[in-house]
Amino acid sequence: MSSTIALMGECMIEMHGRPGQSIHQTFGGDSFNTAAYLARLAGTSLKVEYVTALGSDGFSQAMRERFTRENVGTDSVRTLESRLPGLYFIETDETGERRFHYWRSEAAARFMFDGEEGERLLESLAHSNTLYLSGISLAILTDQGRERLMAGLSGLRARGVKVVFDNNYRPRLWQDAESARHAHQALLAHVDLAIVTFEDDQALFGFETPEALFAFYRDQGVGEIVIKRGAESCLIEYEGVRHEVAGERVEKVVDTTAAGDSFSAGYLACRLTGGDVEQAARWGHRLAATVIGHRGAIIDVEYMPEMP
């Protein structure tokens, strides 16, 4: 029987174009990007579930349908009748430069773990083998939801659930840097695998070198640490051994959206289906290199690469 990974977070309504002109609408969000690519790569060898909250409106229904088309399960999608999904607009100028505008303060996903139904949703995650969340997943929750998640993680791990964390630090989602540092560090006590963008943790914790980052995460008890460094090689520490795996050359970068999300998906798809850490890094690099050669966070299935 295939194992199950539950990815927790927020998928949003994405709109892009120029104000006052035609606008294209789709869906996106860091954890959903990872879920979609993970489902494509792992196929039937891994069951992929998405954990979030949506409304009962047309956008929420279309979002559920998109999850299903990507073979991402919806059993852990909570419905909040009075809420809507969050929305973001990507504004592009004549030179292709982008600006992001967000409307998410009352989005349904923020309240996924609030109330008695939220507590039941968290408890239901014990059926999974792996739980994935990002710094954005952590940031968007209400105070009640975040406290409940933190309290529940020990119980989930005691029941055999492995926890994966992708840092994705976004300052605008936090009251201040100190609040973010406190939440991230509290979470790391429950993490088995951390997939970390070095620049994000450099901004949050002030690490000057990858060695400092490795030492910090090791001290928190994280057993497998992966450092993403953009186009540079990634660094991995696992079972006391350090690995470095070079990235892939990209002839033309079209859009870097979801580069980190797709790397995480490639790495996880390989590791959760039996691959070693170096092979997993090669999968992550291959997928990320392909994704940034196309426009949009989630590329068409026809462009998915063969894995090394």
Side-chain angles (χ1 to χ4, degrees), residues 5-16 24-43 46 48-52 54 59 62-74 76-77 85-90 98 100 102 104 107 109 130-140 164-170 173 193 195-197 200 226 228 230 234 253-272 280 283-305 307:
I5 179 170
L7 296 96
M8 171 200 141
E10 179 183 27
C11 186
M12 304 179 71
I13 302 165
E14 176 189 298
M15 307 180 78
H16 58 86
H24 176 74
Q25 186 265 309
T26 183
F27 302 109
D30 68 329
S31 53
F32 173 63
N33 300 337
T34 300
Y37 285 125
L38 188 51
R40 291 180 182 184
L41 290 174
L46 190 65
V48 179
E49 289 281 334
Y50 199 56
V51 184
T52 194
L54 297 173
F59 285 107
M63 201 176 287
R64 286 182 174 87
E65 292 169 359
R66 177 64 188 276
F67 296 168
T68 300
R69 289 199 302 274
E70 292 289 354
N71 294 314
V72 173
T74 59
S76 297
V77 176
L87 178 150
Y88 68 103
F89 187 95
I90 306 173
R98 300 179 303 165
F100 291 82
Y102 291 88
R104 72 194 317 174
T130 306
L131 172 64
Y132 169 101
L133 70 158
S134 74
I136 295 174
S137 310
L138 193 63
I140 64 164
V164 179
F165 179 60
D166 188 333
N167 62 344
N168 274 4
Y169 171 54
R170 300 294 182 268
L173 296 179
L193 164 59
I195 305 176
V196 181
T197 299
D200 287 357
V226 183
K228 298 179 286 188
C234 73
V253 176
V254 175
D255 185 351
T256 59
T257 304
D261 306 333
S262 56
F263 177 95
S264 297
Y267 189 92
L268 281 172
C270 186
R271 290 293 281 144
L272 296 177
W283 280 37
H285 283 312
R286 173 67 57 85
L287 182 57
T290 303
V291 167
I292 65 176
H294 297 83
R295 192 165 299 284
I298 302 177
I299 63 175
D300 290 343
V301 174
E302 64 183 291
Y303 298 127
M304 290 293 291
M307 285 301 162

message = Working note: Asp200 + Arg170, criterion side-chain contact (heavy atoms from CB on, under 4.5 Å); need CA distance, chi angles, decisive distance, verdict.
response = CA-CA 8 Å; Asp200 287 357; Arg170 300 294 182 268; 3.3 Å; yes

key: Side-chain (Lys228) to main-chain (Cys234) donor-acceptor, under 3.5 angstrom   = no

task = Could you tell me whether the side chain of Asp261 and the main chain of Asn33 form a donor-acceptor pair under 3.5 Å?
result = no

inquiry  = If I take atom CZ from residue Arg286 and atom OG from residue Ser262, how far apart are they, to the nearest 0.5 angstrom?
reply    = 13.0 Å

task = For the residue pair Met304 and Leu41, establish whether any side-chain heavy-atom pair is separated by less than 4.5 Å.
result = yes

ask   = Near Tyr88 OH, under 6.0 Å, is it more than 12 heavy atoms from other residues, nucleotides or ligands?
value = yes

key: Thr52 side-chain N/O to Gly9 backbone N/O, donor-acceptor pair under 3.5 Å   = yes

inquiry  = For the CD atom of Glu10 and the CD1 atom of Ile136, what is their distance to the nearest 0.5 Å?
reply    = 9.0 Å

key: Closest non-hydrogen atom pair between Leu38 and Ala265, with its separation   = CD1-O, 3.6 Å

Option passing side-chain contact (heavy atoms from CB on, under 4.5 Å) with His294 (candidates Ile292, Val291, Thr290) = Thr290

request  = Could you tell me which non-hydrogen atom of Ala259 sits nearest to which non-hydrogen atom of Ala288, and how far apart they are?
outcome  = O-CB, 3.6 Å

request  = Using atom types as modelled and distance alone, determine if a side-chain donor or acceptor of Tyr37 lies under 3.5 Å from a backbone N or O of Ser264.
outcome  = no

task = Could you give me the CA-CA distance, side-chain angles and deciding distance for Phe59 and Gln25, then say whether side-chain contact (heavy atoms from CB on, under 4.5 Å) is met?
result = CA-CA 10 Å; Phe59 285 107; Gln25 186 265 309; 3.9 Å; yes

inquiry  = Tell me the closest heavy-atom pair linking Ala107 and Gly86, and the distance in Å.
reply    = CB-N, 3.4 Å

ask   = Roughly how far, to the nearest 0.5 Å, is the OG1 atom of Thr257 from the CG atom of Asp30?
value = 12.0 Å

inquiry  = Determine whether a donor-acceptor pair (N or O, by modelled atom type, separation under 3.5 Å) exists between the side chain of Ser134 and the backbone of Ser137.
reply    = yes

Evaluation steps, side-chain contact (heavy atoms from CB on, under 4.5 Å), between Leu193 and Tyr267 = CA-CA 11 Å; Leu193 164 59; Tyr267 189 92; 4.2 Å; yes

Phe263 and His285 aromatic centres sub-6.0 Å = yes

key: Side chain Asn167, main chain Thr197, donor-acceptor under 3.5 Å   = yes

message = I'd like to check Glu49 versus Leu7 (side-chain heavy atoms, cut-off strictly below 4.5 Å). Are they in contact?
response = no

query = Is it the case that Ser31 and Tyr50 place a side-chain donor and acceptor less than 3.5 Å from each other?
reply = yes

query = If every non-hydrogen atom of Val51 is compared with every non-hydrogen atom of Ala6, which pair is closest and at what distance?
reply = CG2-CB, 3.8 Å

ask   = Does Thr74 use its side chain to pair, donor to acceptor, with the backbone of Arg64 at less than 3.5 Å?
value = no

request  = List the atom of Gly266, the atom of Trp283, and the distance in Å for their closest heavy-atom pair.
outcome  = O-CB, 3.5 Å

ask   = Would you say the side-chain atoms of Asp300 pair up with the backbone N or O of Glu302, donor to acceptor, closer than 3.5 Å?
value = no

Close side-chain approach of Leu54 to Phe67, heavy-atom, < 4.5 Å = yes

Ring centre gap for Phe165 and Tyr132 strictly below 6.0 Å = no

Arg295 CZ to His16 NE2 distance, which is reported to the nearest 0.5 Å = 8.5 Å

task = Hey, could you give me the CE/CE distance between Met12 and Met63, rounded to the nearest 0.5 Å?
result = 8.5 Å

remark   = One should read off an interatomic distance between Leu46 CG and Leu268 CG, to the nearest 0.5 angstrom, of 9.0 Å

request  = Start with the C-alpha distance between Arg104 and Leu87, add both sets of side-chain angles, then the distance that settles side-chain contact (heavy atoms from CB on, under 4.5 Å), and finish with yes or no.
outcome  = CA-CA 6 Å; Arg104 72 194 317 174; Leu87 178 150; over 6 Å; no

Matching residue for Arg40 among Leu287, Ile298, Asn71 - test: side-chain contact (heavy atoms from CB on, under 4.5 Å) = Ile298

key: Heavy-atom closest pair, residues Ile140 and Ala109   = CD1-CB, 4.0 Å

ask   = So do Glu14 and Phe27 actually touch side chain to side chain, heavy atoms under 4.5 Å?
value = no

